[in-house]
Amino acid sequence: MAKGSAVPFRPLLLLLFLLFGVSPAWAQPVLDGPRRTERIEAELVPLSQWVTPGSTAIVAVRQDIQPGWHTYWRNPGDSGGPTSLTWTLPQGVVAEDIVWHLPERQPLGDLVNFGYSGQVYLPVPIRIPAQARPGSTLVLTTRALFFVCSDQMCVPETLTLSLTLPVRAGAAPLDPRHGAAIQAVVEKAPRPAGIEARASLDGSILTLTATGGPLAGADLTSAIFFPFEAGVIDHAAEAPGERGPRGLTLRLTAGPDSRTAGRLTGPVAGVLATNVGAYEISAIPGAALPGASGQGALTAAATPSTGLAGFSQAALFALLGGLILNLMPCVFPILAMKAAALAATAHQPRAAARDGLAFLAGVLVTFLLLAGLLLVLRAGGEAIGWGFQLQSPAVTAALALLMLAVALNLSGVFHVGAGLQGAGSGPLAHLPGGIGAFFTGVLAVVVAAPCTAPFMALALGAALVMPWPMALAVFLMLGLGLALPYVAISLSPGLLRRLPRPGPWMERLKALLAFPMYGAALWLAWVVSRQSGGDALALLLGAGLTLALSLWLIGQAQGQRADGRRGTLHLIAGVVVLIVAGGLAVLAARVPPTTGESSSQTALASRPWSPQAVEAALAKGQPVLVNFTADWCVTCKINEASALSSPRTAGALEQANAVYLVADWTRRDDAITAELERRGRSGVPLYLLFTPGRTEPRVLPQLLSEGVVVEALAAP
């Protein structure tokens, strides 16, 4: 599409839409639930489980857009049209305007559009009359008009959406499916923040200055402006800017409306998106404001993007994060196993190459399955993130027993397969050919789940807002990074020849490498105790003891068969005891989770995190350090032991009069999940330092040191 056709293109589509855009969905009976076409599925969903008389409720139009298609923001940019809603409501109920969150920039040749892709929530405040009777229901219906476009065509879609809401007295909890996601969108949506702005036009250059509010004294590095009205600026043109002590200056290229008029006829309103936050501004015509320049250049802000550039950056970060993941503590046991396996096949290049590629396949397939499950659950409204499976005591208990079984195998208590070729691998890794290496790759991903490496958090945070093919590709890049070092060595005969030849030393190495697996089993058992309490731990320890006995009996049976005897009695006893171990494990997993205050304990005096706790401390002029952590996150525990437990850190907190809050994600917590998503993260750890007078917190590194924390608290 040529740029010159953008102006007539949109009115023509709007005319066609109004004349012919009524789809068969409009004639269907009004029912709650999703409506769909070939390109989009839409549904009206609530923030809360019920509405209260005299309150303002929030519902949202949830869009699930097919890959390769997108819908539009309030200003669609150079083509397309915004989503519009026509409401049919009970008497006294009033629907306000859509709460538009920050759009993506969507380049298309010489055009730039503003819109959304993947799963989108458009919240709408609904005013409930005080006369609404508790015990009754309200039926909300809207006719939603979407422009659903690809890089080749644009299709108007009309869907009628309905939602029945109960009316009750008292505060309503969040809707379990969509509440957390809607809340996150509402909290992140740009809104006015006391920023003063001016705009001036000189030929084709529109200069915009903004100062005050959260911009004053902020560490500004990037900014971009999204105007509310099309034609005010050239959306595709470069927008250089600079920062000053009180704000910033952007030099925009005037759009056709501004150039035609030759002067500004009114305020230039829109969203100013910066690295410290996004805010609604209205720049009135006038001279540049003082304090908006003189401290260096700005770059274009990195807004959420599902285009090629955003995908490429996320994929690169995922690859780097996967490589660094090999250095994280939770992966050490698996690295020990693979080191032994490499030693076993070091002088068999074909076997080493086969095992390396099988290990890679196991890693990639498991990442694909885990990522697919994560995306499906999130699409169903579940508020979960990376490592979500370890928030389940049942999964954690099963992993603890699996690690124990692997350790007992390495210790020679029992064998699955025989010979040194499988040395250093777990039970599944002794299967014939490369199957063992494949399942070791599976185990590597499962064990790596508690860790979040640098770069990895940003990559996964971006992936979770991309269309699912892009998201899965990012997860696969993460898996490639995790497996790459082992695969590279296994495919390098020169490196393999440097390793000693197989011999008795390998049996000693195999026995030594059992101890990291014992440690992993103990750590996971401790996590279960934090999630479900002492009763669950006692049952799990019983399951571990009986599992060890059963595997010892099976090992005895294997030894008897190697000596030419049947070993049937030991084998039957081992299977019976194994069934008992399984029963105890099931009982441990069914113990109700512990309730009460956060289970995560830190050396510093702390309070549980909540948005209200942060706001209350900031209102008193106190800085706030927030630790997003989980007991199953090894990196979190190491940071807490090294950087968040020293007298020096405690002294720095006291000197700064700072409040220390802990957001414990050991068990599922939708509010914490929403806050992580708001910060572009999909897992822990995350460390935020809020400072009075600044709207956005400072993000501390994922690998903390005492000095980093102390310096951050001392910084102005």
Side-chain angles (χ1 to χ4, degrees), residues 213-222 243 245 274-277 295-296 301-302 317 321 324 328 451-458 461 598 600-630 633-665 672 675-676 678-716:
L215 302 182
D219 184 18
L220 296 168
T221 59
S222 59
R243 63 183 183 274
T274 75
N275 62 293
V276 299
Q295 292 188 340
F317 279 5
I324 298 173
M328 306 305 286
C451 278
T452 304
F455 297 106
M456 177 178 160
L458 296 175
S598 168
S600 184
Q601 301 295 322
T602 60
L604 299 179
S606 65
R607 300 204 305 265
W609 168 88
S610 69
Q612 294 76 19
V614 174
E615 292 174 3
L618 292 175
K620 296 178 182 178
Q622 294 178 283
V624 183
L625 176 62
V626 184
N627 173 13
F628 290 82
T629 183
C633 169
V634 181
T635 307
C636 303
K637 297 294 113 181
I638 291 176
N639 285 340
E640 288 163 12
S642 61
L644 296 174
S645 63
S646 69
R648 187 181 173 202
T649 302
L653 279 166
E654 184 176 358
Q655 184 175 357
N657 191 28
V659 175
Y660 179 47
L661 304 179
V662 174
D664 180 22
W665 210 42
I672 294 176
E675 185 68 14
L676 290 170
R678 181 184 178 190
R679 305 297 171 185
R681 302 300 177 90
S682 63
V684 291
L686 174 64
Y687 305 100
L688 301 178
L689 179 60
F690 292 83
T691 305
R694 296 182 64 174
T695 57
E696 291 297 317
R698 177 178 174 182
V699 181
L700 303 186
Q702 286 180 292
L703 297 177
L704 280 184
S705 68
E706 180 187 75
V708 167
V709 179
V710 172
E711 289 175 8
L713 289 168

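Along the sequence shown, residues carry numbers from 1. Computed from heavy atoms alone, side chains included, the values below leave out hydrogens, waters and symmetry copies.
Nearest approach of Leu688 to Val699, heavy atoms of both residues: CD2-CG2, 3.7 Å. Residue Leu625 comes nearest to Leu700 through the heavy atom pair CD1-CD1, 4.0 Å, listed as atom of the first residue, atom of the second, then distance. In terms of heavy atoms, Ser705 sits closest to Ala643 at C-CB, 3.5 Å.
Glu640 and Thr629 form a side-chain donor-acceptor contact under 3.5 Å, judged by distance and modelled atom types alone.
For the pair Phe690 and Val626, the minimum side-chain heavy-atom distance is below 4.5 Å. Using a 4.5 Å heavy-atom cutoff, the side chains of Asp664 and Trp609 are not in contact. Here the side chains of Pro608 and Leu661 are not in contact, with every heavy-atom distance at 4.5 Å or above.
Within the structure, every pair that satisfies the salt bridge (charged side-chain N to carboxylate O under 4.0 Å, His left out) test and touches residues 697-711, not counting sequence neighbours, is listed here: Arg648-Glu706.
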Quiz item: Going through the checks in order, is the side-chain contact (heavy atoms from CB on, under 4.5 Å) test met by Val659 and Arg607?
Solution: CA-CA 8 Å; Val659 175; Arg607 300 204 305 265; 3.6 Å; yes
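For CD of Gln655, the number of neighbouring non-hydrogen atoms (other residues, nucleotides, ligands) closer than 6.0 Å is 12 at most.
Evaluation of the ring pair (Phe, Tyr, Trp, His ring centres under 6.0 Å) rule for Tyr687 yields no partner, not counting sequence neighbours.
Residue Leu713 holds its CG atom at 11.5 Å from CG of Asn657, rounded to the nearest 0.5 Å.
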